[in-house]
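To start, the structure itself, in structure tokens.
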Amino acid sequence: MEAAGRIVSVFQGVAFVEGLTNSFLHEMLTDTEGNPVGFVIGFGQEGAEVLLFSEALQVGDVVYGSGRVFFIPVSDAVVGRVLDGKGKPVDGLGDLVGEMVPVFREAPSILDREPIATPLSTGIKIVDTALPIGRGQRELIVGDRKLGKSTLAIDVVLNQKEADPPVICIYVICGQKRQKLHDLITLFTKHNAFLYSVIVAAPARSSFAELYLAPFLGCAIGEYFRDRGKDALVVYDDLTAHAKAYRSITLIAGRPPGREAYPGDIFSLHASLLERAAKLSAAKGGGSLTALPIAETQEGDISAFIPTNLISITDGQIYFERGLFQKGFLPAVNVGLSVSRVGSAAQPKALKAVTGGIRLALAQHKELQKLAQLETVRSEEARKRIHRGELLLELLKQEKHTKVSWEEQVVLFYAVEEGYFDELPQHAWRQFEYLFLRLLRYQYGPLLRRVGEEGLTEAVKAEVQKAVAAFRDTFLASL
């Protein structure tokens with residue numbers, strides 16, 4: 001017999017239900033007709049704390065335990081759809097049908113995982129070269145607002161169009177402006193990203209239930225594809241807004257506040273979400289789920305409660321710095337404060353060979369610049385290192401919604417290592433890069449394929465040197 005409970009208090013969708021003594025965390029509750037009306041998020045002395053989907057329910061109404069967690073139907077047909085925070089389509093393309101997938105579940109065990117070694121090529125130079133991401137990794141994107149965090153995450157999704165093997169992308173909007181959802185739909189439509197993407201949206205002013213559920217919905221959809229041996233990527237934009245919504249929920253429920261008024265279990269909540277990202281073993285199908293959570297800081301303070309929590313949960317972070325943004329360095333990623341704990345283990349060997357020293361070169365450049373301000377005379381070695389650092393900084397800039405494949409990056413940074421940029425005046429670096437990459441794409445396709453298949457063998461190096469030298473001579477003659 002179904003357990004029944006009576007609502008004794010409710011405010012903004014946060015209710016206390018008396019009588020559900022045998023309920024469990026995240027159990028779905030229904031009305032008399034069996035329709036979902038909410039789910040359990042905690043327990044009190046005489047009942048359960050519940051998030052309601054509808055504000056129509058009032059004090060005195062009866063709800064029933066279902067004996068199961070919240071489920072949504074998922075199939076391959078979910079690709080290309082836009083869902084709300086309850087998993088309902090909002091794109092006018094009909095209801096979802098498919099296997100009923102639990103929104104809340106445990107993360108894969110250690111024995112069901114394998115080390116992350118397959119690259120997730122983002123097409124963003126500063127990420128692929130200095131902060132490589134592997135399939136199954138959790139990489140935090142963190143920084144102040146309006147610095148390009150969402151833009152970078154969106155570009156990672158857009159650049160999966162030709163990924164091999166394919167990557168199914170889920171973009172979760174949580175607590176952001178509704179205009180952001182409209183802009184994202186327009187952008188995905190323009191770039192044909194809906195061919196391999198799903199949007200789960202709980203924008204600002206959504207109910208607390210939708211704001212709470214949205215990241216878990218996106219994760220559950222990603223797990224559906226991962227468990228079938230495919231690769232999936234989920235972006236959580238952003239978990240700071242999710243944490244604030246949960247803080248409001250728990251304060252309304254009367255739980256004691258902790259640091260920065262967040263509840264004590266906020267770490268557990270986000271850990272249970274992000275730990276579900278994994279690279280499964282071959283025995284489990286070999287699929288992967290990669291997570292890119294986004295967190296917002298105030299005045300660059302990464303020591304705040306939510307950013308530090310997420311940094312400790314994830315496998316690294318991409319840190320956006322306002323100073324770089326104001327100088328026009330886009331994407332405004334501070335390589336010194338960013339890290340990928342998977343690192344070169346998930347990087348193509350050819351790219352690793354030509355970019356292994358980028359982080360060191362940038363660090364040396366920063367220190368030498370400080371010394372150069374104090375010294376009037378520079379050694380030749382110091383001058384060369386400063387020059388190389390400035391060149392790398394210039395080449396790591398990239399316009400939004402553009403892609404540079406990892407094979408193109410191999411050729412570009414090999415040309416840097418071999419000194420082909422050294423004869424060029426500084427003002428011509430970006431123009432040379434732009435024209436050279438266009439030449440590679442349209443005239444040297446077979447060479448790029450050889451780089452991808454063979455790596456930088458001696459024969460491939462000879463062809464690359466010939467192509468770069470010929471273009472450099474022509475470019476210099478045109479200046």
Side-chain angles (χ1 to χ4, degrees), residues 124 126-127 130-131 133 137-156 172-177 180 203-204 211-212 214-215 235-251 255-275 277 291-341 343 359 362-363 366-367 369-370 393 396 400:
I124 301 168
I126 198 166
V127 175
L131 304 163
I133 298 173
Q137 189 174 344
R138 300 153 299 179
E139 185 79 359
L140 176 66
I141 302 173
V142 61
D144 287 2
R145 63 190 304 270
K146 296 292 184 181
L147 295 186
K149 303 187 300 299
S150 297
T151 300
L152 183 136
I154 290 169
D155 284 351
V156 172
V172 178
I173 289 180
C174 181
Q176 306 297 308
K177 293 180 180 178
K180 187 168 189 173
L211 290 170
Y212 182 96
V235 177
Y236 303 111
D237 189 5
D238 68 38
L239 289 189
T240 306
H242 183 256
K244 289 178 179 177
Y246 188 57
R247 176 173 63 183
S248 298
I249 291 167
T250 56
L251 290 174
R255 295 190 200 172
R259 180 180 166 187
E260 296 181 24
Y262 288 103
D265 64 340
I266 187 66
F267 180 92
S268 171
L269 182 72
H270 285 159
S272 66
L273 171 69
L274 295 173
E275 286 292 337
L292 293 180
I294 297 175
E296 184 180 303
T297 57
Q298 301 292 329
E299 299 296 329
D301 181 18
I302 57 174
S303 64
F305 189 41
I306 299 305
T308 51
N309 274 354
L310 293 172
I311 286 171
S312 64
I313 296 168
T314 51
D315 305 315
Q317 69 275 350
I318 299 173
Y319 177 67
F320 279 72
E321 184 182 289
R322 186 166 298 280
L324 293 173
F325 183 84
Q326 292 171 338
K327 292 176 183 176
F329 183 86
L330 300 176
V333 175
N334 183 321
V335 176
L337 293 178
S338 302
V339 65
S340 173
R341 296 188 182 97
R359 290 177 65 90
L362 293 177
K366 191 171 184 179
E367 294 302 316
Q369 273 192 322
K370 295 177 183 177
L393 284 172
L396 288 175
K400 66 178 181 179

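Throughout, numbering of the chain's residues begins at 1 and tracks the sequence. Just so you know, these numbers come straight off a predicted model, no measurement behind them. Heavy atoms only: backbone and side chains are in, while hydrogens, waters and symmetry mates are out.
None of Leu292, Leu274, Asn309 except one satisfies the side chain to side chain contact (heavy atoms under 4.5 Å, CB included) rule with Thr314; the exception is Leu274. Among the candidates Val142, Thr240, Ile141, the single residue satisfying the side chain to side chain contact (heavy atoms under 4.5 Å, CB included) test with Ile294 is Ile141.
The minimum heavy-atom distance between Lys400 and Thr151, with the atom names listed, is CB-CG2, 3.6 Å. Of all the heavy atoms in Tyr236 and Pro215, the pair that sits closest is CE2-O, 3.3 Å. When all heavy atoms of Arg259 and Thr308 are compared, the pair lying nearest together is NH1-OG1, 4.4 Å. Between Ala295 and Leu140, the shortest heavy-atom contact is CB-CD1, 3.9 Å. Nearest heavy-atom pair, Ile302 versus Pro307, reported as atom, atom and distance to 0.1 Å: O-CB, 3.8 Å. Considering every non-hydrogen atom in both Ala243 and His270, the closest pair reads CB-CE1, 3.8 Å.
Side-chain contact between Leu269 and His242 is present, with heavy atoms from C-beta onward closer than 4.5 Å. Cys174 has its side chain out of reach of Leu239: every pair of non-hydrogen atoms, C-beta onward, lies at least 4.5 Å apart. Side-chain contact between Ile124 and Val156 is present, with heavy atoms from C-beta onward closer than 4.5 Å. When side chains are defined from C-beta on, Lys180 counts as touching Asp237, because their heavy atoms get closer than 4.5 Å.
With Arg247 contributing its side chain and Ile266 its backbone, the two residues share no donor-acceptor pair below 3.5 Å. In this structure a side-chain-to-backbone donor-acceptor pair under 3.5 Å is present from Tyr319 to Gly300.
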(message) side chain to side chain contact (heavy atoms under 4.5 Å, CB included), that's the test. Do Arg341 and Gln137 meet it? Break it down for me.
(response) CA-CA 9 Å; Arg341 296 188 182 97; Gln137 189 174 344; 5.7 Å; no
(request) Check step by step if side chain to side chain contact (heavy atoms under 4.5 Å, CB included) holds for Ile306 and Glu296. (result) CA-CA 9 Å; Ile306 299 305; Glu296 184 180 303; over 6 Å; no
(request) Would you sort out whether Tyr262 and Thr250 count as a side chain to side chain contact (heavy atoms under 4.5 Å, CB included), showing the intermediate values? (result) CA-CA 8 Å; Tyr262 288 103; Thr250 56; over 6 Å; no
(message) side-chain hydrogen bond (donor to acceptor under 3.5 Å, both in side chains), that's the test. Do Ser150 and Gln176 meet it? Break it down for me.
(response) CA-CA 11 Å; Ser150 297; Gln176 306 297 308; 5.4 Å; no
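By the 4.0 Å N-to-carboxylate-O rule, Arg255 lies close enough to Asp265 to be salt-bridged with it. Using a 4.0 Å cut-off between charged side-chain N and carboxylate O, Arg322 and Glu299 make no salt bridge.
The environment of Arg145 atom CZ is sparse: at most 12 non-hydrogen atoms of other residues, nucleotides or ligands sit within 6.0 angstrom.
Considering CD1 of Ile126 and OG of Ser338, their distance stands at 7.5 Å, rounded to 0.5 Å.
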